[in-house]
Amino acid sequence: MNTTQPGPGRSVLAVVAHPDDAELAMGMRLLDHAQAGDRVRVHCLSTGRPGKDDGEARRAECLAAAKILRIDRYTFSAIPDTRFTDHRGAINAALFDAFAEERPDIVYTHFPDDQHLDHAVTSAEATTVAMREAADLVYFRSPYSRNFEPNLLFVGTPELLAAKQKALTCFASQQQLDMPVFTGLNTLAYRQHVHHRVVERFPEDAYGAEMFRTARQIVHATRSLAGALCGWHGGQEPALASYPSVDRHNTGPVRSPRPRSAAPTRI
């Protein structure tokens, strides 16, 4: 049974368009999930550009980064890079197959409003599948996201950020990755969304942040506590007789009328 209760053992799935998308957007969060005992998987829809035989090299880069971030599984589809708008049916089918391998408790994917068409299509198709197959859906911020206002910030540590930076160095084929720039984004960009008085209360080792927007989060009641409060033990119904009946037209409890045959008690 899938659950979104806090604690280890959840199934986490990140759905991304390209290699390095997950590591760039949420490398710290992925490693933190793994360290908490969650099962972490990344599904990448594309590994190469049309007319360029670099698919195997890019898969190898992903798998190398996965070892650093403790990603349990890295799976791939064969959607042509930059051609996602022409293959939406294939993307939808690939995602249903990916979700069927292990239904995730929480899904991360691209924010819908993105300048990169591959990202936008991935977000739309992943959202369609996640809304019927997963409990929680969270969008991450990518360098091309537009109009992104986070309502969830994951604040990391120096160790998590260092691991993320190391993982990104695995993507040697991606010359556009300017590490000092992306490190600066992790350490500074979130500050426009958090008042300095809140930042002052962060733990001393807080360092860097990744930004997300929650599309849906389902939280279940703590069953042991709810059962104790309601008197629900071993499948038995709550002890309703312990609650006073209430007249909706009266603010006080309704007193049961004394039976006519009963004689008044004398003290």
Show the numbers, then the answer: is there a side chain to side chain contact (heavy atoms under 4.5 Å, CB included) between R141 and E210? CA-CA 8 Å; R141 179 186 181 275; E210 293 168 338; over 6 Å; no
Side chain proximity check, Y190 to P150, heavy atoms < 4.5 angstrom: no
V15 versus A126, closest heavy-atom pair with distance: CG1-CB, 4.0 Å
Flag yes if more than 12 heavy atoms outside L152 fall under 6.0 Å of its CG atom; otherwise flag no. yes
Using side-chain hydrogen bond (donor to acceptor under 3.5 Å, both in side chains) as the criterion, list what pairs up with T214, not counting sequence neighbours. none
pair Q35-L160: side-chain heavy atoms closer than 4.5 Å: yes
Spell out, as yes or no, whether a donor-acceptor pair under 3.5 Å connects the side chain of D136 to the backbone of D105. no
Which residues pass the salt bridge (charged side-chain N to carboxylate O under 4.0 Å, His left out) test with R213, sequence neighbours left out? none
Find the distance between CZ (R58) and SG (C44) and round it off to the nearest 0.5 Å. 7.5 Å
Does L45 reach the side chain of V16, with side-chain heavy atoms less than 4.5 Å apart? no
E125: salt bridge (charged side-chain N to carboxylate O under 4.0 Å, His left out) partners, not counting sequence neighbours: R88
H195 vs V199 side-chain heavy atoms within contact, under 4.5 Å: no
Does E133 pair with R103 as a salt bridge, N-O distance under 4.0 Å? yes
Count I, L, V, M, F, W, Y as connected when their side-chain heavy atoms are under 4.5 Å apart, and connections chain through other members. Are V138 and M131 then in the same cluster? no
Side-chain donor-acceptor distances from residues 64-79 under 3.5 Å, at least two apart:
from	atom 1	to	atom 2	distance (Å)
D72	OD2	V40	N	2.8
R73	NH1	E101	OE1	3.0
R73	NH2	E101	OE1	2.7
Y74	OH	E23	OE1	3.4
Y74	OH	E23	OE2	2.7
T75	OG1	H43	ND1	2.7
S77	OG	H43	NE2	2.8

E102: which of R39, R41, R10 passes salt bridge (charged side-chain N to carboxylate O under 4.0 Å, His left out): R39
Flag the pair I106 / L13 as yes when at least one side-chain heavy-atom distance between them is below 4.5 Å, and no otherwise. no
P112: which residues meet the side-chain contact (heavy atoms from CB on, under 4.5 Å) condition with it, sequence neighbours left out? S123, Y139
Take L137 and T109 through the side chain to side chain contact (heavy atoms under 4.5 Å, CB included) test and state the conclusion after the steps. CA-CA 8 Å; L137 174 61; T109 194; 4.3 Å; yes
Nearest 0.5 Å, what's the CG-OH distance between D21 and Y144? 9.5 Å
So how far is it from L24 CG to L168 CG, rounded to the nearest 0.5 Å? 5.5 Å
Can you measure from CG (D20) to SG (C62) and round to the nearest 0.5 angstrom? 7.5 Å
Is there a donor-acceptor pair under 3.5 Å between the side chain of E61 and the backbone N or O of S173? yes
Would you please name every residue forming a side-chain hydrogen bond (donor to acceptor under 3.5 Å, both in side chains) with R216, sequence neighbours left out? none
Partners of F140 by ring-ring contact (aromatic ring centres under 6.0 Å, His included), sequence neighbours excluded? H110
Sequence neighbours left out, what passes side-chain hydrogen bond (donor to acceptor under 3.5 Å, both in side chains) with D113? Give chain and number order. R146, N147
Of all heavy-atom pairs between F148 and F212, which one has the smallest distance, and what is that distance? CZ-C, 3.6 Å
Can you see whether D118 engages S46 through a side-chain donor-acceptor pair at a distance of less than 3.5 angstrom? no
For residues 201-209, which side-chain donor-acceptor pairs fall under 3.5 Å, sequence neighbours excluded?
none

Could you tell me which residues satisfy side-chain contact (heavy atoms from CB on, under 4.5 Å) with Q192, sequence neighbours excluded, listed by chain and number? none
Partners of H116 by ring-ring contact (aromatic ring centres under 6.0 Å, His included), sequence neighbours excluded? H18, H119
Quick check: do S11 and D38 have side-chain heavy atoms less than 4.5 Å from each other? no
Nearest 0.5 Å, what's the CZ-CG distance between F84 and L117? 10.5 Å
Are L31 and M211 in one and the same hydrophobic cluster, where Ile, Leu, Val, Met, Phe, Trp and Tyr link if side-chain heavy atoms are under 4.5 Å apart? no
If you measure from OG1 on T122 to CG on L95, what distance do you get to the nearest 0.5 Å? 7.5 Å
Between L153 and F111, is there a shared hydrophobic cluster once you connect ILVMFWY residues whose side-chain heavy atoms come closer than 4.5 Å? yes
Closest non-hydrogen atoms of G156 and M28, given as atom of the first, atom of the second and distance, are CA-SD, 4.0 Å
Do the side chains of R191 and H196 get nearer than 4.5 Å, heavy atoms only? yes
Heavy-atom side-chain proximity of M26 to Y108 below 4.5 angstrom: yes
Identify, with sequence neighbours excluded, every residue that meets side-chain contact (heavy atoms from CB on, under 4.5 Å) alongside A93. none
Is there a path of hydrophobic side-chain contacts, each under 4.5 Å between heavy atoms of I/L/V/M/F/W/Y residues, joining V107 to V12? no
